[in-house]
Amino acid sequence: MLCAALLALGSVQCFSRDSKAVTTTLTTKWPSTPLLLEASEFLAEESQDKFWDFVEANQNIESDPYYDLILKRASVLLSPVQLNLLKLALSLRAYSSTVHSFQQIASNEPPPPGCKAFFNIHGQTSCDTERLKVMLDNAVERPKPYLFKGDHKFPSANPDAPVVILYAELGTKEFTRFHQLMLAKANKDLITYVLRHFLSNPSKGRVHLSGYGVELAIKNQEYKAKDDTQVQAGADVNATVIGENDPVDEVQGFLFGKLKTIYPELKEQLKELRKHLIESTNEMAPLKVWQMQDLSFQTAARILAAPSVDALNVMRDLSQNFPTKARSITKTVVNSEIRKEIEENQKHFKGTLGLQPGDSALFINGLHIDLDVQDIFSVFDVLRNEARVMEGLRSLLIDTPYIHDILKLNVQPSDSDYAVDIRNPAVNVSYVFFFFVCLFCFLGERIENKPFFFSFSIIVCLSLVISVFLSVCRIGVVFVVNDSDEVDGMQDAGVALLRAFNYISDDVDSQMSFDAIISMLNRVPSGVSCAILTPSFNFFSISQGVLEKRYPYVEISSILGPDSAYDNNRKEGKAYYEQTGVGPLPVVLYNGMPLQREQLDPDELETVVMHKILETTSFFQRTVYLGELNSDHDVVDFIMNQPNVVPRINSRVLSTNRNYLDLSATNNHFIDEYARFLFLDTKDKNAAVANSFNYMTKKDDGIIRPVTFWVVGDFDQPSGRQLLYDAIRHMKTSNNVRLGVINNPSENTSNEKSLIARAIWAAMQTQTANNAKNFITKMAKEETAQALYGGSDIAEFAVGGMDVPLFKSAYESPNVNFLLAHSAYCRDVLKLQKGQRAVISNGRIIGPLEEGEVFNQDDFLLLESIILKTSGERIKAKIQQLGMVEDRASDLVMKVDALLSSQPKGEARIEHTFAEDRYSAVKIRPKEEEVYFDVVAVVDPVTRDAQKLAPLLLVLKQLVNVNLRVFMNCQSKLSDLPLKSFYRYVLEPEVSFMADSSFAPGPMAKFLDMPQSLLFTLNLNTPESWMVESVHTRYDLDNIYLEEVDSVVAAEYELEYLLLEGHCFDVTTGQPPRGLQFTLGSASDPVIVDTIVMANLGYFQLKANPGAWILRLRKGRSDDIYKIYSHDGTDSPAEADDLIVVLNNFKSKIIKVKVQKKPDMMKEELLSDDTHENDSGFWTSITRGLTGGSKPEEPKQEKDDVINIFSVASGHLYERFLRIMMLSVLKHTKTPVKFWFLKNYLSPTFKEFIPYMAEKYGFQYELVQYKWPRWLHQQTEKQRIIWGYKILFLDVLFPLAVDKILFVDADQIVRTDLKELRDFDLEGAPYGYTPFCESRREMDGYRFWKSGYWASHLAGRKYHISALYVVDLKKFRKIAAGDRLRGQYQGLSQDPNSLSNLDQDLPNNMIHQVPIKSLPQEWLWCETWCDDASKKKAKTIDLCNNPQTKEPKLQAAVRIVAEWSDYDQEIKRIYNNFLEEKERGTTDSYQQTDKKHPGETNLSFSFLC
């Protein structure tokens, strides 16, 4: 067959044409970063110990091969799986942004002149080591620098030492010199040593990125939209990188990769045969409908027929090149077994995973990977975390089959739902029924001239909430007030309230007393609520006024004064508060469960309580139905007898922010080998301590105990002994617990000062568990310690059954290695200071406990119950299956719990039990006896997801050991071609190099041997946080026609910015502060970019490159009216005035900011009618340095004298139209014009030329750029995305200073002064559109709005065209029109048949909610819809598509608009002049050196959920 094919080729190869290709590369804006530094950041994420070990191993790494040496040195610190993940990280350049962020931070210092490395000591910088001592000596006079979360801090035991930050490049001689100096001082605890990367001579190259997709979509050519301008000749950078080994392997059934290997002598002939087959395939004749019906199943059958080792390659080839493969696929016969099994599995997919035919899903070890949301960087994080856990379990000697069983255990800590028992006399109750809301309220004393505090807005709010739910709630109050007998209600506001409450309760009832308190609190001025009340404010007069009004004949002093008999529950309230341990006041308990602090905001509280009531209602309904609760039961008793009710709640225990020890090492080290112990790393130290324990238990019964407590403290001090005593008391009540002790001495270790600690240790080493327990219980008592330190003999305290001689020999031994080891462990691993206490429960560190902080028996009970509930019992059940002895099994439960619980909290794992995978799944089995990833994919091979999934699975297969199953989920009865695009996912498992060790070109997307008769558009599919732009290409990427291309269309893109997203709310109202503005910048340049907060979700968006940036409220009205109240997700401490945000990776960063109005600005509004923005801050970029704009020193034009025109364009043809539209505007107006262009889709050619044109014609312009919000329904076609940008974000695209904006389509010609349109009276409407013409009668059959849905919806109103409109931005924002439009869009766009003309269907559909002012017909004339007679009155002419004639745009422009050709020629002359000046090098004054106009800005947007 091969010979015949080659012979046949001889007769046809003379007709073959040159192969055409499209390539795409994406680079960073910042310089390339060294791989060594990126590798160090990978190690830092493993642990800081590994980072510093890697630093030590790479003091000088200037030899070749550089990359191999990095891997070799990293392999000492990493497992084989981790090493492969490091290769992927370096291939992705995942840590390039991290390294560059340090470079940006260094630039802010700035570096001293001439220094290749330098250090900073509390704000002073130098590279002179001679100055180091002097700078350290006076460092204490200056504040310490702020350290970022990603900083590399050398382990140090002296937190008070001066901070020295070294900026240097790892691996250089300069680094080695400085590092050795800093290391010597850090090891002596003289400094706190911090290392930050710094490149004194950055690379001139850029980082080539991967981890993104490129789509080459086939364009509809119904309307010709291709420019006829000839492309200038020239060489493209990446046009020469197409090698012969790049083509895909399989063409029409021939596996050319294998054929070249088998027949190397036929290499040239095979190349020609392959070329001929591709060209014959690529001529894409349309398929009949019946041929397309089974394409999905046929593609699956083709994939399943391939050997499993090749199946993923076949799937990638077929899905990514589907348009050219479809015809050959139609010939495939689908086996009935395949079809039957797929259909059976689809029932399972729908029932268990909610997947419909055609849907896709990916699971790694049961974790769902959402391909629409998660990118390769988040997948990389999943792989890394999973590898860490699986290898940890393997290092604990658990066999591979059990590892995946243990992984499936869901042990993540859940949000706290523990409750305290509220059945206490101190709880004053009112409003009785099913639900119980209890409030602890602190009402502090007034002491001389110091302020006193109230927490009463919660009471007022609760009263309103409860009044709504009066029939089902009761409310109680616990007064936590000054309980001193010397303080009375005439002096103290809290005592006054308590006594007034008690008096009215006794006289009437508790409900009346509660109403009275609300009445008192309502009289407090609103400005004082929830804040400090100064002594000048007399609360006593308020309480007196209320009491006198209700009880005019009673002496008030008898109620509030020193002889009052109404002090009930005063001491009890405070005691109950302290006993329950519920945390800082005020506290609200719902059925005993504390609400979170953020839920106590008055605006949140009503919603929170309502949700709680609804949840509890369903619980009660279920219990009543099951007979667990009936009318004979006391409801409060029933609630308080639930298993989640504990005697005491400890916020430390319940916190979901938890720190765990790494207990995954297995070794034979013990702490009595102190000299060796000191040199172990953290992981091995943990193992050595665990190996050395003998535990106390309730009984010696040999069972597995799922809870292990390590009590840490100085047991020769009362606080340490009390902690141990409480732990022992709890242990004696539970057989689930075992108890070990770690001594952390307050002073240097000696026999004389460690009597109790040595006695405890000796007993545990020499006695039976029961005798040791009894003896240690005695040792923990205070009287025992006093007697021992008073000179009593230790033997006097022996308990029955003890081997006293053996005990005494151990006790009196001079060997104190265990004490030294414990002390070192507390210092180096637990990070405790001398004498500090802590509790470690199954590896979780709780502490350090503060001096005087109570951690009692009830806290140990709570801790045990949490472990048993979340992890202990489940892990114990799995470990029991391994059949180990009790001690080893209990150890394993503890270590496995620490390992699993330490993982980031995520979604629960999903178990896959697919019954049928014999015929319909691709299966790749893992290597035996190695840890493997269990990967399950469900996919329809002819979908966009398959185009992305196949290359991802191929890389996973190369990268790690996988047990892979890919289930086909095909659609039947297709009526259209399911994929109309070619696709490439740029992802490589390892960095590629050339023979000279330089980086190989790429990574890049390569579309080879593409059909030449089709018209393509190129789209990038990048991670959500990337903002990319096209920076170099000769060709029109929106209209790629390979017939007219020399050989290769080489598209070069640049990652211009990373995205910072956020949500902002006003804490007072709970609503987003619409119109609030933030700025992002540095200390030297505070305003680099700006944004406006949107109403919906309070969403805002900023852009920046990697580094540390300062987020502020913009100077002006935002800063005048508001202040920042709190923030989350930033890199600043809570009390910081300026928010520091560090962008140091390629993943999305989302922050939350709460703001509050300043006290004297409570009635001010940001978007009031008289708002006048000051251009000196936010919008200086409008003219600053902008060619064609006014100079900064020139008088600023009044905003009313500028016509602001917005337009969008994509592709060379529409950019040509756009330039002509601009010229037509400028020819007809005397008013200054400013054009606003959407930057996202502009070509490099247009962006390069526009400054020159602005200079020549004297107009201003600005490029706006932003990212479509991830949660707003995404469009997939470029044209529909552009339509969305025209209408969905008008409220945030432009600064508040712009009152009106005119949108003019790129393909319009303007014949009048647009000042008239700008000044047109919209009569209160937010925008004005021109209705569609109805005068050309022959087009009546095409007027879709005249019948069906549109006729009934419009109800006699006009249907408007979106080619020209005017927007009153003030009105638009004030009525939240943008939010409404986005909300409607979100609902309608889910239906693919809705909004077919998105930009005009949406406003017309919303005409009842957002009114449209109809502009006079002459404002837009279009030959398609308007008759010829009306043309002479036309103020603008639009080149509408004609559905009847389908005339090409260029042809129509020349025919319809007489002046169009003249405009076109004028623009061509200007452009040719530009090219000539560019060749001569005289265009510098028009170009921005960073390819970014200072006028460019990035604004926010949001949408309605």
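The chain is numbered in sequence order, starting from 1.
Counting only N and O atoms by type, the side chains of D716 and Y789 include a donor and acceptor under 3.5 Å apart. If you check the side chains of Y193 and H179, you find a donor sitting under 3.5 Å from an acceptor. Checking N667 against N691 by side-chain atom types alone, a donor-acceptor pair falls below 3.5 Å. With hydrogens and angles left out, the side-chain atoms of D714 and S746 include a donor and acceptor closer than 3.5 Å.
Heavy atoms from other residues, nucleotides or ligands lying under 6.0 Å from NZ of K149 number more than 12.
Taking the ring centre of Y811 as origin, the terminal cationic atom of R758 falls inside the region bounded by 6.0 Å and 45° from the ring axis.
For P80, there are no side chain to side chain contact (heavy atoms under 4.5 Å, CB included) partners two or more places apart in sequence or in a different chain. Scored by the side-chain hydrogen bond (donor to acceptor under 3.5 Å, both in side chains) test, D381 finds K1147 as partners (sequence neighbours excluded).
Of the listed residues (V893, L899, I704), just one forms a side-chain contact (heavy atoms from CB on, under 4.5 Å) with I875, and that residue is V893.
Screening residues 723-741 for salt bridge (charged side-chain N to carboxylate O under 4.0 Å, His left out), with sequence neighbours left out, gives D726-R729, R738-D891.
A salt bridge is absent between E851 and R837: the closest approach of a Lys/Arg side-chain nitrogen to an acidic carboxylate oxygen does not fall below 4.0 angstrom.
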* To do: Go through the steps to decide whether E391 and Q82 satisfy the test side chain to side chain contact (heavy atoms under 4.5 Å, CB included), and finish with yes or no.
  => CA-CA 10 Å; E391 293 197 317; Q82 289 172 320; 3.9 Å; yes
